[in-house]
J.: 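Can you keep this structure in mind? I'll have questions shortly.
Just so it is clear, the model here is predicted, and its values are computed rather than measured. Order of the sequence lines fixes the chain letters, A, B, ..., with proteins taken first and strands second; residue numbering starts at 1 for each chain. FYI, side chains are in, hydrogens and waters are out, and symmetry mates aren't considered; it's all heavy atoms of this structure.
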Protein chains: 2
Amino acid sequence: MIDALKTYLTNRAPLPDEAVQRIYSLALERRLTRNEALFNVGDVCRYKVFVVKGLLHTFNNTEDGHEHILQLSPENTWTLDVESYELQTPSRFSIAAVEHSEVLLWQKDDFDMLLREIPEFKLFAEGLIAEYVHSSRRRIFEMLSNSPEEQYDAFIQANPELAARLPLRMIAAYLGMSLKTLTRIRHAQLQR
Amino acid sequence: MIDALKTYLTNRAPLPDEAVQRIYSLALERRLTRNEALFNVGDVCRYKVFVVKGLLHTFNNTEDGHEHILQLSPENTWTLDVESYELQTPSRFSIAAVEHSEVLLWQKDDFDMLLREIPEFKLFAEGLIAEYVHSSRRRIFEMLSNSPEEQYDAFIQANPELAARLPLRMIAAYLGMSLKTLTRIRHAQLQR
DNA sequence: CCTAATTATGGTCAAATGACCTTTTTTACA
DNA sequence: TGTAAAAAAGGTCATTTGACCATAATTAGG
C-alpha cells in the first residue's frame with residue numbers, strides 16, 4: 001500500500017521521501033470486505049483513515065429504518081468521524097466499506113506527532129480541511145436550493161465514476177430522498 | 001468595538017494583551033444598517049469578518065426568486081465566504097445585515113500576518129475551523145434525516161434567541177422549506 | 001404616532017413525495 | 001455456474017409540499 005500513498009502524497013504535497021516513509025511507518029494497514037465496518041455508531045473513531053482502494057461510506061441508520069449517508073470516500077481520499085476522533089467521544093456514525101477496500105490507519109497520537117514533525121504535512125492537512133469546508137458549504141447550498149432531480153443530476157455530473165459503483169439506494173441515501181423518488185426521476189429522464 | 005473583541009478573545013483564547021491590541025490595530029470598523037450588504041454575489045470577499053453586534057446572513061437568491069440562507073452570524077461569531085476569500089474569486093453568496101450590526105474587518109494579507117505572528121491566535125483559528133466542520137456535518141445530517149417539523153424544532157431549541165430575531169421567512173430559507181410549510185407546522189403545534 | 005412596507009396567516013388546488021407492496025432484474029459468492 | 005440475496009422498477013394510495021392568491025397582523029422608520 002505504500003506505493004499508493006507515496007504516489008498520492010508526492011502528487012499533492014512537496015514532501016521529502018523520508019517524510020513519506022515516516023508517515024507510512026506509523027500507519028496500520030487494513031483490508032475490508034464489502035459491508036465490513038471500520039467502526040459502528042457508539043464506538044470511538046480511533047483512526048484517521050486514508051482510502052487506498054475501494055469505497056467507504058459514513059452513515060447512520062435512524063430509528064425509522066432509513067439509512068442516511070453523510071460522506072462517501074473513494075480511493076485517494078480521507079475519512080473519519082472528526083467529532084469523535086478529535087474529542088475521543090462515541091461516534092454518531094458508522095463507517096463501512098461499500099466494496100472491498102484497503103485502508104491505512106493512523107492513531108490520533110501518531111498523526112498529531114507527524115503534523116508537528118513535518119511542517120509541509122501540516123500545511124497539506126490544512127489544505128484538505130479547507131477543501132472539506134468548501135465542499136460542505138456547496139453541499140448544504142445544493143440541498144437548500146436544488147430540487148431532487150437537480151441534486152441527482154449534479155451528483156452524477158460531479159461523480160460519474162462514483163455513481164456507477166453505488167447502488168441507487170445509496171445515492172438516494174446520500175441525496176436525502178427516497179429510492180422511489182430517484183427511480184421516478186430516472187424513469188422520467190428515460191422518456192426524453 | 002475593541003472592548004467587545006477583547007472580551008471575546010480573552011474568554012476563549014489565551015492571548016497576551018499586546019496580541020489583542022495588535023489584532024485590533026489591523027481591523028477596520030464598519031456599521032451596517034438593516035439589509036445593508038457587506039458584499040454581493042459576484043464580488044470578491046475581501047475581508048474576514050467578526051460580528052461585534054447584530055446579525056448577518058450569508059445567502060443567495062436563485063433565479064426562481066427564492067432566497068436560501070447558508071449561514072447566520074450573530075454577535076461574537078465570524079463570517080466570510082471562505083471560498084471567495086481564500087482564492088480571491090467572485091463569491092456565489094451575498095452577506096448582509098439582518099438587523100443593525102457592527103463588524104470588524106481584516107484584509108486577508110493582514111489576517112494571514114497575524115496568524116503567522118501570533119501562534120496562539122493561529123491555534124485559536126484552527127479551533128474555530130474545527131467547530132465549523134462539526135456544525136456543518138451536523139447540519140447536513142439533520143437535513144438528510146429530519147422532517148421539516150423536526151428541523152424547525154431543532155433549530156428553535158438550538159437557537160431560541162436567534163429565532164426570535166429572525167423573520168419566519170428567513171428561518172424557512174435557512175431550513176430549506178417554504179414559508180407555507182413553516183406556517184403550517186406552527187399552526188399544527190398551536191393546536192396541541 | 002402614522003403610514004407604507006413587510007411579514008405572517010389562510011384557502012385552494014395541483015404536483016411531488018413517501019409508504020407499502022409486488023414483480024422483475026441484477027449481482028454476489030459458495 | 002447456479003442460486004439465494006440484493007437491487008431496481010413499478011403500482012397504488014394517502015400525505016405533504018409548494019404555487020398562487022388574498023387578507024390580516026405587525027413593524028420599520030420618518
J.: Within the structure shown, what part of the strands sits under 4.0 Å from B:Leu179 by heavy-atom distance: base, sugar-phosphate, or nothing?
T.: base

J.: Using atom CD of B:Gln189 as one end and atom P of C:dA8 as the other, report the distance to the nearest whole Å.
T.: 16 Å

J.: Has A:Arg186 got a side-chain N or O lying under 4.0 Å from the OP1 or OP2 atom of D:dA9?
T.: yes

J.: Should B:Arg34 be listed as having a side-chain N or O under 4.0 Å from OP1 or OP2 of D:dG29?
T.: yes

J.: If the plane angle is over 60° it's perpendicular, under 30° parallel, otherwise tilted; pick one for A:His68 and A:His66.
T.: tilted

J.: Does B:Ile185 or B:Asn35 map to a spot on DNA chain D nearer the 5' end, using the closest nucleotide for each?
T.: B:Ile185

J.: Just N and O in the side chain of B:Thr181: are any of them under 4.0 Å from OP1 or OP2 of D:dT17?
T.: no

J.: Whole-Å distance between D:dG18 C1' and B:Met177 CE?
T.: 13 Å

J.: Using a 4.0 Å heavy-atom cut-off across all strands, classify B:His100 as base, sugar-phosphate, or nothing.
T.: nothing

J.: With a 3.5 Å cut-off and no angle check, do the side chains of B:Tyr174 and B:Gln151 form a donor-acceptor pair?
T.: no

J.: For A:Tyr132 together with B:Tyr132, are the ring centres under 6.0 Å from each other?
T.: no

J.: Could you tell me how far apart A:Lys180 (NZ) and C:dT22 (P) are, to the nearest whole angstrom?
T.: 14 Å

J.: Select from B:Arg184 and B:Leu168 the residue whose nearest nucleotide in DNA chain C is closer to the 5' end of that strand.
T.: B:Leu168

J.: From D:dA8, C:dT17, C:dA8, pick the nucleotide closest to the side chain of A:Arg169?
T.: D:dA8

J.: Is the shortest side-chain N/O distance from A:His187 to OP1 or OP2 of D:dA9 below 4.0 Å?
T.: no

J.: How long is the line joining CD of A:Gln191 and P of D:dA9, in whole Å?
T.: 12 Å

J.: Tell me whether B:Arg192 is salt-bridged to B:Glu149, with the criterion being a basic N under 4.0 Å from an acidic carboxylate O.
T.: yes

